[in-house]
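Let me begin by presenting the structure, written as structure tokens, before commenting on it.
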Amino acid sequence: MNDSDLLNLDGRRFVMVSSTASEVDPAGPTEFSYRESGGVIWGDYTGDTVVHGRFIGTRDGDRIEISYVHLLKNGERAGGRSGSRIEPRDGGRLRLVEEFTFTGDDTVHVSVCDEVV
């Protein structure tokens, strides 16, 4: 198995542990479900302030580039782009460190998501 296989995101789930864009509710953090095939990644997310979100993008080694869109609990919609770095953790789990922007806003935010079993 090569390093790229170890970073494959297919079937993995992550929870947000921190974000500069909003406070993370540790009792109900946003949870992300990933799928991957042939370097293409996609998935969905929900929790905290998000009713439902979707993303699609690509993975090249330890880098992810995605576009996303979601519906917030307050009824507003939001979307944007992000780039993440995949970091291996103890026990074979992964961490995603993501820099993202919302459409129409150039402010760069950073979030950290840890893999859950």
Side-chain angles (χ1 to χ4, degrees):
M1 184 178 293
N2 63 41
D3 288 343
S4 185
D5 293 338
L6 297 174
L7 302 179
N8 187 296
L9 298 172
D10 193 49
R12 294 184 187 246
R13 293 181 314 117
F14 295 82
V15 294
M16 185 177 291
V17 295
S18 68
S19 176
T20 61
S22 64
E23 188 173 329
V24 176
D25 178 1
T30 302
E31 183 173 318
F32 301 80
S33 296
Y34 278 78
R35 298 295 315 265
E36 179 176 349
S37 179
V40 176
I41 60 170
W42 68 96
D44 55 58
Y45 54 101
T46 189
D48 205 6
T49 61
V50 176
V51 173
H52 190 81
R54 300 261 179 172
F55 59 89
I56 188 163
T58 57
R59 180 177 68 86
D60 184 10
D62 68 348
R63 297 290 307 168
I64 300 169
E65 298 293 331
I66 67 165
S67 295
Y68 65 89
V69 63
H70 57 249
L71 178 64
L72 295 163
K73 290 184 178 175
N74 67 10
E76 294 180 15
R77 292 177 303 273
R81 299 179 60 82
S82 73
S84 298
R85 180 179 70 250
I86 305 170
E87 298 179 346
R89 308 274 291 170
D90 292 339
R93 293 189 186 168
L94 300 176
R95 169 174 277 181
L96 303 178
V97 179
E98 174 183 63
E99 292 186 352
F100 63 98
T101 58
F102 291 103
T103 301
D105 182 357
D106 291 336
T107 304
V108 176
H109 300 281
V110 178
S111 67
V112 176
C113 296
D114 283 340
E115 184 176 6
V116 293
V117 182

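Side chains included, hydrogens not; waters and symmetry mates left out as well; all remaining heavy atoms used. Quick caveat: nothing in here was measured; it's all calculated off a predicted structure. Residues take their numbers from the sequence shown, with the count starting at 1.
Grouped by direct or indirect side-chain proximity (heavy atoms under 4.5 Å, Ile/Leu/Val/Met/Phe/Trp/Tyr only), Val117 sits alone.
The OG atom of Ser19 sits 7.5 Å away from the NE2 atom of His109 when rounded to the nearest 0.5 Å. In this structure, the separation between CD1 on Ile41 and CD1 on Ile64 is 4.5 Å, given to the nearest 0.5 Å. To the nearest 0.5 Å, the span separating CZ on Arg35 from CG on Asp10 amounts to 4.5 Å. Atom-to-atom distance recorded for Asp44:CG and His70:NE2 is 13.5 Å, nearest 0.5 angstrom. Distance check, rounded to the nearest 0.5 Å: OG1 of Thr49 to NZ of Lys73 gives 7.5 Å. Note that the CD1 atom of Ile86 and the CZ atom of Arg63 stand 9.0 Å from one another [nearest 0.5 Å].
For residues 17-33, the salt bridge (charged side-chain N to carboxylate O under 4.0 Å, His left out) pairs, not counting sequence neighbours, are Arg13-Glu31.
Using a 4.5 Å heavy-atom threshold, the side chains of Phe14 and Leu9 count as touching. A heavy-atom distance below 4.5 Å is not found between the side chains of Phe100 and Ser84. Under the 4.5 Å side-chain criterion, counting only non-hydrogen atoms from C-beta, Leu7 is in contact with Arg59. Contact of the Val50 side chain with the Leu72 side chain is registered, since non-hydrogen atoms from C-beta on lie closer than 4.5 Å.
In this pair, Tyr45 and Tyr68 present their aromatic rings perpendicular. The plane angle is above 60°, beyond the 30 to 60° band. Between Phe55 and Phe32, the ring planes are tilted. Angles from 30° to 60° get that label.
Of the options Arg95, Arg89, Arg12, Arg93, a side chain to side chain donor-acceptor pair (under 3.5 Å) to Glu115 is made by Arg12 and by none of the others. With respect to Asp105, the side chain to side chain donor-acceptor pair (under 3.5 Å) criterion is satisfied by exactly one of Thr107, Thr103, Thr101: Thr107.
Closest heavy-atom contact between Gly47 and Thr30: O-OG1, 3.3 Å.
Side-chain contact annotation: Thr58 with Glu65, donor-acceptor N/O pair under 3.5 Å absent.
A continuous path of ILVMFWY side-chain contacts below 4.5 Å connects Met16 to Phe102, so both sit in one hydrophobic cluster.
Side chain of Asp48 to main chain of Pro29: no donor-acceptor pair is present (N/O by atom type, distance under 3.5 Å, no hydrogens or angles).
Listed by chain and residue number, nothing satisfies the side-chain contact (heavy atoms from CB on, under 4.5 Å) test with Asp60 (two or more places apart in sequence, or in another chain).
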